[in-house]
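Contents: one structure, followed by commentary.
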Amino acid sequence: MGLEQGASAAHLSAMFIQTETTPNPNVLKFLPGRAVSAEPQEYRTADEAAASPLAESLFALEGVTGVFYGSDYVSVTRDAGGPEWSRMKAPILAAIMDQFVSDAPLFRNAVGAEEASGEDSEVVAEIKQLLDSRVRPAVAQDGGDILFDGFDEATGVLTLRMRGACAGCPSSSATLKAGVEQMMKHYIPEVTSVEQVL
């Protein structure tokens, strides 16, 4: 973990941004010391990033292929074949600092709530509650997120979507099978397996 300091020309105050590595070597987590996003947001393309001035600024930097906002952090994904973190870190820190020192809105438009898909079954409600209370806080510590995608009540297959540092992480399959699947099977016997969707 590193500690970075910088100052904006428009402001005399300094801002400290901590950086943390994640289990995914192509993702770094940046902690600006303040709230980032009430709801996790992920941007995987420059077109998607147009919804947020910070994400757009980060995608403009060489080697950035993904941006994820957590409650108190920004995780940035780099192209595995692109520049090293030692070259990318300073411009990323500058973009994050400019955003938070300026107090400009993080999003261009209000972030829409997830579409309601009708009322969940009792099993689906239990799955979502377990994800929100036990799984998501744990993976957020590593700069990622896991979202409910679907549950096939006939087969017991639960599908989840991984975002941020979890997407493409070398250890994500092990986390999904050894951690999440075992927990789900223990607490919710209707779950027979957990699969990842892209």
Side-chain angles (χ1 to χ4, degrees), residues 1-8 11 13-45 48-49 52-104 106-107 111 131-147 160-180 183 196:
M1 175 181 350
L3 192 63
E4 311 292 338
Q5 174 187 1
S8 170
H11 295 77
S13 62
M15 180 177 183
F16 295 94
I17 301 173
Q18 291 182 316
T19 59
E20 289 182 1
T21 57
T22 70
N24 185 340
N26 294 317
V27 178
L28 268 183
K29 189 173 165 183
F30 297 84
L31 296 102
R34 57 188 70 187
V36 175
S37 180
E39 288 294 320
Q41 298 294 319
E42 181 175 43
Y43 305 98
R44 295 191 287 181
T45 67
E48 289 177 3
S52 169
L54 175 57
E56 192 171 54
S57 295
L58 292 169
F59 265 94
L61 301 174
E62 181 185 3
V64 172
T65 61
V67 175
F68 181 82
Y69 299 151
S71 60
D72 64 348
Y73 66 89
V74 176
S75 64
V76 177
T77 304
R78 75 176 185 93
D79 179 0
E84 293 298 318
W85 283 119
S86 58
R87 258 186 57 209
M88 295 179 67
K89 209 165 159 186
I92 292 170
L93 287 164
I96 293 171
M97 193 175 319
D98 287 348
Q99 172 67 42
F100 289 103
V101 170
S102 74
D103 286 329
L106 188 60
F107 304 103
V111 177
L131 278 172
D132 288 344
S133 65
R134 305 288 281 292
V135 178
R136 293 180 75 197
V139 297
Q141 301 228 344
D142 288 334
D145 195 16
I146 296 181
L147 298 177
L160 301 174
R161 187 173 310 278
M162 301 180 105
R163 303 191 312 174
C166 292
C169 175
S171 62
S172 66
S173 295
T175 299
L176 203 60
K177 289 294 182 185
V180 178
M183 180 188 300
Q196 177 180 352

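Note that this is a predicted model, so its numbers are computed, not measured.
Between Tyr69 and Tyr43, the ring center distance clears the sub-6.0 Å criterion.
Take Glu56 and apply the salt bridge (charged side-chain N to carboxylate O under 4.0 Å, His left out) test, not counting sequence neighbours, and it matches Arg108. Qualifying salt bridge (charged side-chain N to carboxylate O under 4.0 Å, His left out) partners for Asp132, counting only residues two or more places apart in sequence or in other chains: Arg136. Evaluation of the salt bridge (charged side-chain N to carboxylate O under 4.0 Å, His left out) rule for Arg134 yields no partner, not counting sequence neighbours. In this structure, the salt bridge (charged side-chain N to carboxylate O under 4.0 Å, His left out) partners of Arg87, at least two apart in sequence or on a different chain, are Glu62. Listed by chain and residue number, nothing satisfies the side-chain hydrogen bond (donor to acceptor under 3.5 Å, both in side chains) test with Glu48 (two or more places apart in sequence, or in another chain).
Not one N or O on the side chain of Thr22 forms a donor-acceptor pair closer than 3.5 Å with the backbone of Leu28. Lys29 places a side-chain N or O within 3.5 Å of a backbone atom of Ala140 that can act as its donor or acceptor partner. The backbone N or O of Gln99 sits less than 3.5 Å from a side-chain atom of Ser102, completing a donor-acceptor pair. Side-chain atoms of Gln41 never come within 3.5 Å of backbone atoms of Phe68 as a donor-acceptor pair (strictly under, hydrogens ignored).
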Next item on the list: Tell me, with the steps shown, if Phe30 and Gln18 meet side-chain contact (heavy atoms from CB on, under 4.5 Å).
Entry: CA-CA 6 Å; Phe30 297 84; Gln18 291 182 316; over 6 Å; no
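Of all heavy-atom pairs spanning Asp72 and Pro32, the tightest one is O-CD, 3.6 Å.
Sorted by first then second residue, the side-chain hydrogen bond (donor to acceptor under 3.5 Å, both in side chains) pairs that include residues 73-82, not counting sequence neighbours, are Asn26-Arg78.
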